[in-house]
Amino acid sequence: MTAHDDLHRRLLDWFAVEARDLPWRRDTSGWSVLVSEVMLQQTPVSRVLPVYEAWMRRWPTPAALAADSPGDAVRAWGRLGYPRRALRLHQAAVAITERHGGEVPDEHAALLALPGVGEYTAAAVASFAFGQRHAVMDTNVRRVFARVVEGQAFPAPSVTAAERAMATSLLPEHDAHRWAAATMELGAVVCSARSPRCDACPVADLCRWRAAGYPEHDGPPRRGQAWHGTDRQVRGRLMAVLRESEGPVPKAALDAAWEDAQQRERCLDSLVADGLVDPVGDGAYALPGHGP
DNA sequence: AAAGCGTGGTT
DNA sequence: TAACCAAGCTT
């Protein structure tokens with residue numbers, strides 16, 4: 001019986017009782033898990049739920065999504081944010097249909113090769129859909145390990161080699177996928193960034209951060225993202241106009257979305273370059289249609 | 001490898 | 001209220 005075994009058992013027992021009943025935990029097919037993971041990138045569960053339900057009803061398989069246009073995906077994405085994720089999920093559906101016979105691949109490397117799938121998402125799908133053993137390191141897991149294991153308030157800005165080695169060494173031999181889900185869940189509902197609920201934590205007495213008296217974060221400043229007046233805000237305005245319209249919109253409709261013409265044009269150009277907007281002629285613009 | 005990329009709820 | 005935060009990825 002090692003210290004790790006104790007940590008594992010407590011978190012797994014806690015998770016068995018406290019796990020939220022989420023739709024992507026009921027339907028753990030590769031497609032369900034992939035869709036949910038992409039939607040959850042930088043986006044809270046509460047906002048993903050309704051979009052996820054509608055999405056899976058409309059496109060129950062990768063082939064179904066691949067058969068519709070990228071613009072349909074972007075419109076269905078609604079206000080989840082980062083609409084390039086919708087584009088990449090559509091591209092992933094096309095790749096899965098063409099290269100993998102319509103089945104979400106179960107190999108980490110094949111998952112990683114899909115558009116919009118990075119290290120975290122590949123590990124998450126391999127774990128949650130296919131029961132494999134991977135270090136799944138999202139913002140929740142990283143914060144939990146930083147606190148419980150390292151005694152620090154927050155992890156480094158990006159994953160370090162040492163951090164990955166530590167997470168890998170903590171992986172249990174069995175039930176690693178459940179361990180991944182449990183540590184994520186703890187970070188999401190108990191060991192939160194702003195106000196951790198240590199009174200409800202199953203491993204509070206093992207936590208080095210707690211034992212050290214909750215020292216403040218001492219690393220490089222955690223940078224927030226500017227918003228007002230940025231290109232991101234302008235791009236969001238332009239996309240909202242296109243999303244809310246059935247078909248193509250005249251340039252004038254986009255011009256009304258932002259005062260500064262130079263910035264507006266730059267953003268429109270960047271959206272076209274990103275494939276999120278199609279110039280359809282006669283000065284009109286639309287969400288991307290089917291390819292040529 | 002640092003910076004860009006949406007949106008809205010919480011503090 | 002401004003700042004922070006949310007199951008990251010890409011270039």
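Proteins get letters first, then strands, A, B, ... in listed order; numbering begins at 1 in each. Heavy-atom basis, side chains included; hydrogens, waters and symmetry copies ignored.
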Phosphate-side-chain proximity, A/Arg243 and B/dT7, N/O vs OP1/OP2 below 4.0 Å | yes

May I have the distance from A/Arg79 (atom CZ) to B/dG9 (atom P), rounded to whole angstrom?
-> 10 Å

May I have the distance from A/Gln91 (atom CD) to C/dC9 (atom P), rounded to whole angstrom?
-> 15 Å

In whole angstrom, give me the gap between the P atoms of C/dC9 and B/dG8.
-> 23 Å

Identify whether any heavy atom of A/Trp77 sits under 4.0 Å from a base atom; if not, whether one sits that close to sugar-phosphate; answer base, sugar-phosphate or nothing.
-> nothing

Under 4.0 angstrom, heavy atoms only, what part of the nucleic acid is A/Gln225 near: base, sugar-phosphate, or nothing?
-> base

Just by distance, with hydrogens left out, do A/Tyr120 and A/Gln41 show a side-chain donor and acceptor under 3.5 Å apart?
-> no

Could you tell me whether a side-chain N or O of A/Arg133 sits under 3.5 Å from a main-chain N or O of A/Leu171, the two making a donor and an acceptor?
-> yes

Among A/Thr28, A/Val136, A/Val33, which residue meets the side-chain contact (heavy atoms from CB on, under 4.5 Å) test with A/Val125?
-> A/Val33

To the nearest angstrom, the CD-C1' distance between A/Gln41 and B/dT7 comes to 15 Å

Name of the residue among A/Trp77, A/Trp24, A/Trp31 meeting ring pair (Phe, Tyr, Trp, His ring centres under 6.0 Å) with A/Tyr52 = A/Trp24

Closest-nucleotide 5' rank along DNA chain C - winner of A/Leu40 and A/Val117 = A/Leu40

Quick one: label A/Ala124 by what it contacts on the DNA or RNA (base, sugar-phosphate, nothing), any heavy atom closer than 4.0 Å.
-> nothing

Pair of N/O donor and acceptor under 3.5 Å linking C/dT10 base with A/Arg88 side chain = no

Quick one: on DNA chain B, does A/Arg194 or A/Arg232 contact a more 5' nucleotide (nearest heavy atom)?
-> A/Arg232

Considering non-hydrogen atoms only, spot the tightest contact between A/Val141 and A/Ala180 and give its length.
-> CG2-O, 4.3 Å

Donor-acceptor pair (no angle test) under 3.5 Å: A/Thr43 side chain, B/dG6 base | yes

What is the distance, rounded to the nearest whole Å, between atom OH of A/Tyr120 and atom P of C/dT10?
-> 14 Å

Any side-chain heavy atom of A/Leu11 within less than 4.5 Å of one from A/Glu185?
-> no

When you measure from the side chain of A/Tyr82, which nucleotide among C/dA7, B/dG6, C/dC9 comes out closest?
-> B/dG6

If each of A/Gly116 and A/Arg25 is mapped to the nucleotide of DNA chain C with the nearest heavy atom, which maps nearer the 5' terminus, i.e. the 5' end?
-> A/Arg25

Should the ring pair A/His134 and A/His108 be called parallel, tilted or perpendicular, given that the plane angle runs from 0 to 90° and is split at 30 and 60?
-> parallel

Just checking A/Ser192: base, sugar-phosphate only, or nothing, at a heavy-atom cut-off of under 4.0 Å?
-> nothing

Could you check whether A/Arg143 gets within reach of a base, just the sugar-phosphate, or nothing at all, counting any heavy atom under 4.0 Å?
-> sugar-phosphate

Please give, in whole Å, the distance from C/dC9 P to A/Leu89 CG?
-> 13 Å

C/dA7 and B/dA2, which share atom name P, separated by this distance in whole Å | 24 Å

Test item: A/Tyr285 and A/Lys251 side chains (from C-beta on) under 4.5 Å apart, heavy atoms | yes

Are side-chain heavy atoms of A/Leu87 and A/Pro115 found at a separation under 4.5 Å?
-> no

Distance, rounded to the nearest Å, where A/Leu186 contributes CG and C/dA7 contributes P | 12 Å

Are OP1 or OP2 of C/dG8 and a side-chain N or O of A/Gln42 less than 4.0 angstrom apart?
-> yes

Classify the side chain of A/Arg84 and the base of B/dC5 as holding, or not holding, a donor-acceptor pair under 3.5 Å.
-> no

Rounding to a whole Å, what distance do you find between A/Leu114:CG and C/dG8:P?
-> 18 Å

Base, sugar-phosphate alone, or nothing: which one does A/Pro157 contact when heavy atoms must sit under 4.0 Å apart?
-> nothing

Which dot-bracket string describes DNA chain B (Watson-Crick N1-N3 plus N6-O4 or O6-N4, or G-U N1-O2 and O6-N3, all under 3.5 Å; [ ] crossing; | other strand)?
-> .||||.|||||

Would you mind telling me which of C/dC5, C/dA7, C/dA6 lies closest to the side-chain atoms of A/Phe154?
-> C/dC5

Side-chain atoms of A/Asp231 come closest, of C/dA7, B/dC5, B/dG8, to B/dC5

For A/Leu22, which contact category applies under a 4.0 Å heavy-atom criterion: base, sugar-phosphate, or nothing?
-> base

May I ask you to verify if any side-chain N or O of A/Arg85 is less than 4.0 angstrom from the OP1 or OP2 atom of B/dG6?
-> no

For atom CG of A/Leu80 and atom P of B/dC5, their distance in whole Å = 19 Å

Of the listed C/dG8, C/dA7, B/dG6, the closest approach to the A/Thr121 side chain comes from C/dG8

